[in-house]
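For the numbers below, each heavy atom of this structure counts, side chains included, while hydrogens, waters and symmetry mates do not.
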Amino acid sequence: MQTSKAASASAPHGRRVLVAGGVGIDTIVRVPALPLAMADSIHVPPVADYVAHTGNGVALGLLALGHRPVLVDIVGDDPQAALIHARYRERGLEFDYLVHESGTRRSVNLVAPDGRRLSLYDGRHPDTLRVPRDRYLPHIRSSDHVHVSIMPWAAALFDDTEALGVPTSTDLHDWDGRNPYYHPFAYRADLVFLSAAALGKGVFDAMRAILREGRARIVVATDGARGSHALERGDGTVHHMPCAHLDGPVVDSNGAGDAYASAFLHAWFGGAPLEECMRVGAIGGAFACLTHGTAERSLELEELGRYRDRWHA
């Protein structure tokens with residue numbers, strides 16, 4: 001396993017955030033409808049590759065909002081990794097990475113005209129693959145916050161974040177509420193994001209279970225066009241926030257949940273109340289849906305201010 005490190009060009013301001021895991025390449029295929037019709041061949045518009053996945057979206061979102069993220073992960077020595085390195089040099093995102101022969105994670109995402117997507121995920125790394133503790137521990141010690149992606153190696157970080165008192169967040173994505181793989185993330189993070197997609201009417205039971213079984217202060221469920229829901233420890237009220245309506249149509253929902261999380265974290269870092277964090281998150285998620293691809297554009301502070309002013313008007 002080889003190691004190397006890309007330098008950061010970000011300014012010394014905002015919160016220092018370690019994002020543990022979650023970068024790869026999305027191949028986006030725009031399809032006529034989902035689910036696909038059974039056919040031997042379907043003609044589609046040009047297929048494109050994008051630097052993507054959950055940690056990438058959160059890190060780039062935080063960077064655009066004035067914070068100082070560092071992303072730690074494992075990639076390959078392949079053309080997909082070259083795309084990642086080029087993107088991070090362009091954006092000035094600090095990237096501390098290890099190289100493994102299994103290659104860079106990737107997904108093929110089928111995107112319908114209304115922006116809905118189906119992701120075919122190729123995680124490709126062995127489940128036993130780990131980032132050495134001496135590689136990530138210095139980042140934890142220098143961080144104000146750690147966002148833990150649901151990579152197999154990343155769950156180990158909770159031992160050190162708890163010992164050092166560094167607050168954490170995670171995103172469970174489309175957890176079904178039962179799969180035990182997600183339990184270390186669901187029950188050990190201080191702030192838990194998840195999607196309601198696989199939970200349906202059971203989403204609130206799953207959110208309450210996370211509060212009951214774990215240490216989370218806040219649990220947030222994003223629910224597509226229905227907005228988002230949140231529960232806070234000590235308060236049984238389910239808070240709801242509708243989707244934000246911005247300047248254009250929804251063209252692609254890839255990365256919307258990660259953009260919601262980074263914008264929510266930005267407001268949370270500033271001490272905003274829960275509903276304001278949800279409002280800012282909704283703006284971030286809606287902004288991501290205006291652009292084709294995954295995290296091709298990230299919401300910036302000036303844009304966030306303008307959309308917040310419009311919402312409050």
K.L.:
Please determine whether the number of non-hydrogen atoms from other residues, nucleotides or ligands lying under 6.0 Å from atom CZ of R233 exceeds 12.
P.N.:
yes
K.L.:
With a 4.5 Å cut-off on side-chain heavy atoms, are V238 and L231 touching?
P.N.:
yes
K.L.:
Walk me through it: do D171 and T54 pass the test side-chain hydrogen bond (donor to acceptor under 3.5 Å, both in side chains)?
P.N.:
CA-CA 8 Å; D171 192 335; T54 180; 4.9 Å; no
K.L.:
Looking at side-chain heavy atoms only, is the closest gap between Y121 and R105 below 4.5 Å?
P.N.:
yes
K.L.:
Give the cluster check for V250 versus L290: same hydrophobic cluster or not, with ILVMFWY residues linked at side-chain heavy-atom distances below 4.5 Å.
P.N.:
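Shared cluster, no.
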K.L.:
Quick one: which of F264, F185, W175 gives a ring pair (Phe, Tyr, Trp, His ring centres under 6.0 Å) with F193?
P.N.:
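Single ring pair (Phe, Tyr, Trp, His ring centres under 6.0 Å) partner of F193 among F264, F185, W175: F264.
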K.L.:
Test D26 against R106 for side-chain contact (heavy atoms from CB on, under 4.5 Å), laying out the working first.
P.N.:
CA-CA 6 Å; D26 277 356; R106 58 197 72 173; over 6 Å; no
K.L.:
Spell out, yes or no, whether Y50 and L93 are grouped together once hydrophobic residues are joined by side-chain heavy atoms under 4.5 Å, including indirect joins.
P.N.:
no
K.L.:
Identify whether the distance between the nearest side-chain nitrogen and carboxylate oxygen of D247 and R310 falls below 4.0 Å.
P.N.:
yes
K.L.:
Just one of H239, H240, R279, M241 clears the side chain to side chain contact (heavy atoms under 4.5 Å, CB included) bar with S228, so which one?
P.N.:
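The residue from H239, H240, R279, M241 that satisfies side chain to side chain contact (heavy atoms under 4.5 Å, CB included) with S228 turns out to be M241.
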K.L.:
Side-chain heavy atoms nearer than 4.5 Å, only ILVMFWY residues, links allowed to pass through others: does that put I42 and V31 together?
P.N.:
yes
K.L.:
Look at the side chain of S262 and the backbone N and O of A259, then say whether any donor-acceptor pair between them is shorter than 3.5 Å.
P.N.:
yes
K.L.:
Can you check whether G103's main-chain N or O pairs, donor with acceptor, with H125's side chain at less than 3.5 Å?
P.N.:
yes
K.L.:
Is there a path of hydrophobic side-chain contacts, each under 4.5 Å between heavy atoms of I, L, V, M, F, W or Y residues, that connects V51 with L120?
P.N.:
no
K.L.:
Go through S169 and H147 one step at a time and tell me if the side-chain hydrogen bond (donor to acceptor under 3.5 Å, both in side chains) criterion holds.
P.N.:
CA-CA 5 Å; S169 54; H147 182 80; 2.7 Å; yes
K.L.:
Does a side-chain heavy-atom distance below 4.5 Å link H229 with F204?
P.N.:
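In contact.
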K.L.:
Say you draw a straight line from CG of L265 to SG of C277; how long is it, rounded to the nearest 0.5 Å?
P.N.:
8.5 Å
K.L.:
Salt bridge or not for E162 and R188, using N-O below 4.0 Å?
P.N.:
yes
K.L.:
Please step through side-chain hydrogen bond (donor to acceptor under 3.5 Å, both in side chains) for the pair Y136 and D96, ending with a clear verdict.
P.N.:
CA-CA 9 Å; Y136 61 72; D96 191 353; over 6 Å; no
K.L.:
Any side-chain donor-acceptor pair under 3.5 Å between D78 and T104?
P.N.:
yes
K.L.:
Can you see whether H266 engages H67 through a side-chain donor-acceptor pair at a distance of less than 3.5 angstrom?
P.N.:
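Yes.
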K.L.:
Contact between V75 and I84 at the side-chain level, heavy atoms closer than 4.5 Å - yes or no?
P.N.:
yes
K.L.:
Are side-chain heavy atoms of R141 and L137 found at a separation under 4.5 Å?
P.N.:
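The answer is yes, as the side chains (C-beta and beyond) meet within the 4.5 Å cut-off.
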K.L.:
Go through it in stages, so that I can follow the logic: the residues are N109 and L118, the test is side-chain contact (heavy atoms from CB on, under 4.5 Å), and I'd like the CA-CA distance, side-chain angles, deciding distance and then a yes or no.
P.N.:
CA-CA 6 Å; N109 292 353; L118 171 66; over 6 Å; no
K.L.:
Show the numbers, then the answer: is there a side-chain contact (heavy atoms from CB on, under 4.5 Å) between L246 and Y307?
P.N.:
CA-CA 7 Å; L246 305 184; Y307 289 129; 3.6 Å; yes
K.L.:
Side chains of D174 and S195: is there a donor and an acceptor less than 3.5 Å apart?
P.N.:
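Side-chain D/A pair, D174 to S195: absent.
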K.L.:
Is the number of heavy atoms from other residues, nucleotides or ligands under 6.0 Å of E302 CD greater than 12?
P.N.:
no
K.L.:
Would you tell me whether T168 and H145 have side-chain atoms, one donor and one acceptor, within less than 3.5 Å of each other?
P.N.:
no
K.L.:
One thing to verify: whether E94 and R68 come together as a salt bridge, which I'm taking to mean a side-chain N less than 4.0 angstrom from a carboxylate O.
P.N.:
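Looking at E94 together with R68, the answer is no, because their closest N to O distance does not fall below 4.0 Å.
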K.L.:
Flag the pair E303 and R297 as a salt bridge only when some basic side-chain nitrogen lies within less than 4.0 angstrom of an acidic carboxylate oxygen.
P.N.:
yes
K.L.:
In Å and rounded to the nearest 0.5 Å, what is the CZ to CG distance from R133 to D159?
P.N.:
8.5 Å
K.L.:
Is the shortest side-chain heavy-atom distance between I283 and W311 below 4.5 Å?
P.N.:
yes
K.L.:
Where the side chain of T170 meets the backbone of A189, is there a donor-acceptor pair that is under 3.5 Å apart?
P.N.:
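No; judged by distance alone, with no hydrogens or angles, the pair does not exist.
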K.L.:
What I'd like to find out is whether the side chain of R117 reaches to under 4.5 Å of the side chain of R30, using heavy atoms alone.
P.N.:
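A side-chain contact under 4.5 Å is absent here.
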K.L.:
Please determine whether a side-chain nitrogen of the Lys or Arg among E296 and R87 lies less than 4.0 Å from a carboxylate oxygen of the Asp or Glu.
P.N.:
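Yes, E296 and R87 are salt-bridged.
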K.L.:
Are L18 and I140 close enough that some pair of their side-chain heavy atoms sits under 4.5 Å apart?
P.N.:
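A side-chain contact exists here, since the closest heavy-atom pair is under 4.5 Å.
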K.L.:
Please tell me whether D176 and Y182 have a donor and an acceptor in their side chains that are separated by less than 3.5 angstrom.
P.N.:
no
K.L.:
Give the cluster check for V23 versus V108: same hydrophobic cluster or not, with ILVMFWY residues linked at side-chain heavy-atom distances below 4.5 Å.
P.N.:
no
